[in-house]
Amino acid sequence: MEQERIEFIEVELELAIENFESSMDDIKAQRFRRATSGFYFTLEHLAKALLLTVGVEVESHGAVTRMLGLHFVKSASLSARVTRHLGSLYERRHTAEYSPRAAWEFTAEEVSTYLEWVKESAVDILEELQKNAPEHETKLKEIYDKMS
């Protein structure tokens, strides 16, 4: 894999870790809307890292889900639940950031569900990343350990 792509994957993995850790801090501080957004971005960055392993760079939120479906779900390399979770978290992130009702919509119970979605989806994505980008094994293990 070319050096630039390896570096871009590393950046996406770092951003996934950063967003996951921020979301966990947000849960502790009962900032459930922010935690929801962070969980979405955790999965988005993991998905972008995976897409980079097959030479696909995406710019929009919608493209991430579409390309993940096209390159990994369609071939059964990745469970369709990953794209469902990503799409659902995108919708909830949008509500969290833009809806005037968001202040009372998000609860600890709801965000706990999102945490489970992220963990389930991350395991699937990390397994594919390990197959496609074994040079990132140490970082992938770090992510897996943080989410366990």
Side-chain angles (χ1 to χ4, degrees), residues 7-54 56-134 136-148:
E7 291 170 8
F8 287 168
I9 291 169
E10 189 75 16
V11 168
E12 293 296 344
L13 296 175
E14 286 293 333
L15 289 168
I17 291 169
E18 182 180 307
N19 277 281
F20 184 77
E21 289 175 341
S22 291
S23 288
M24 297 309 290
D25 289 343
D26 288 333
I27 288 172
K28 288 176 190 165
Q30 297 186 3
R31 295 183 300 256
F32 303 127
R33 292 182 307 160
R34 285 184 56 180
T36 300
S37 290
F39 284 149
Y40 167 74
F41 285 113
T42 299
L43 278 187
E44 181 184 76
H45 289 295
L46 288 175
K48 284 181 170 183
L50 182 56
L51 288 167
L52 284 167
T53 67
V54 293
V56 176
E57 290 184 51
V58 291
E59 298 287 326
S60 72
H61 299 296
V64 173
T65 305
R66 282 192 307 278
M67 291 296 107
L68 207 58
L70 181 66
H71 291 277
F72 294 96
V73 175
K74 187 174 181 180
S75 67
S77 299
L78 202 60
S79 168
R81 77 174 173 201
V82 174
T83 54
R84 282 194 307 272
H85 289 165
L86 190 60
S88 294
L89 281 169
Y90 173 76
E91 293 300 321
R92 294 307 289 153
R93 179 200 71 89
H94 193 271
T95 299
E97 292 184 6
Y98 301 112
S99 173
R101 293 184 210 89
W104 63 85
E105 270 191 49
F106 292 83
T107 64
E109 183 179 347
E110 182 177 5
V111 172
S112 144
T113 298
Y114 303 153
L115 174 58
E116 289 308 309
W117 291 357
V118 169
K119 287 180 176 182
E120 289 173 3
S121 297
V123 167
D124 291 351
I125 293 171
L126 292 170
E127 286 176 4
E128 276 306 299
L129 276 163
Q130 182 60 41
K131 290 178 201 170
N132 294 356
H136 294 284
E137 181 178 6
T138 302
K139 184 63 65 182
L140 298 174
K141 182 173 178 355
E142 177 187 346
I143 295 169
Y144 183 80
D145 289 346
K146 286 181 185 296
M147 292 187 180
S148 296

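Both backbone and side-chain heavy atoms feed into the values below; hydrogens, waters and symmetry mates do not. If you read the sequence from its start, that first residue is 1, and numbering goes on from there.
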May I ask you to test the [X]-[Y] pair for a side-chain heavy-atom distance under 4.5 Å?
{"X": "Y114", "Y": "L89", "answer": "yes"}
{"X": "V82", "Y": "L43", "answer": "no"}
{"X": "F39", "Y": "K119", "answer": "no"}
{"X": "L46", "Y": "E12", "answer": "no"}
{"X": "V118", "Y": "F20", "answer": "yes"}
{"X": "R66", "Y": "S60", "answer": "yes"}
{"X": "E142", "Y": "T138", "answer": "no"}

With distance as the sole criterion, is a donor-acceptor pair present between the side chains of [X] and [Y] under 3.5 Å?
{"X": "N19", "Y": "T42", "result": "no"}
{"X": "Y40", "Y": "H94", "result": "no"}
{"X": "E105", "Y": "T95", "result": "no"}

Please report the shortest heavy-atom distance between [X] and [Y], naming the atom on each side.
{"X": "A49", "Y": "L13", "answer": "CB-CD2, 3.9 Å"}
{"X": "S77", "Y": "S75", "answer": "OG-OG, 3.0 Å"}
{"X": "A35", "Y": "V111", "answer": "CB-CG1, 3.9 Å"}
{"X": "R34", "Y": "S23", "answer": "O-OG, 4.4 Å"}
{"X": "E44", "Y": "L86", "answer": "N-CD1, 3.8 Å"}
{"X": "L68", "Y": "L51", "answer": "N-CD2, 3.8 Å"}

Quiz item: Just by distance, do the side chain of T83 and the backbone of A80 share a donor-acceptor pair under 3.5 Å?
Solution: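 Indeed, once roles are kept as given, a pair shorter than 3.5 Å links the two residues.
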Self-check item: Any donor-acceptor N/O pair, T53 side chain to L50 backbone, under 3.5 Å
Solution: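 Yes, because the side chain of T53 sits within donor-acceptor range (under 3.5 Å) of the backbone of L50.
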Sidechain N-carboxylate O distance under 4.0 Å for [X], [Y]:
{"X": "R93", "Y": "E97", "result": "yes"}
{"X": "R81", "Y": "D124", "result": "yes"}
{"X": "R92", "Y": "E110", "result": "yes"}

Quiz item: Is the number of heavy atoms from other residues, nucleotides or ligands under 6.0 Å of E137 CD greater than 12?
Solution: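 Check fails, neighbour count at 12 or below.
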Quiz item: Sequence neighbours excluded, which residues qualify as side-chain contact (heavy atoms from CB on, under 4.5 Å) partners of E7?
Solution: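 Expected list: Q3.
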Quiz prompt | Set of residues satisfying side-chain contact (heavy atoms from CB on, under 4.5 Å) with respect to S112, sequence neighbours excluded | solution =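 side-chain contact (heavy atoms from CB on, under 4.5 Å) list for S112, sorted by chain: empty.
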Quiz item: Hey, what's the ring geometry for W117 with H85, parallel, tilted or perpendicular (30° and 60° as the breaks)?
Solution: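 It falls in the parallel class, under 30°.
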Quiz item: Atom NZ of K146 and atom CD of E21: how far apart are they, to the nearest 0.5 Å?
Solution: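 The CD atom of E21 is 4.0 Å from NZ of K146, to the nearest 0.5 Å.
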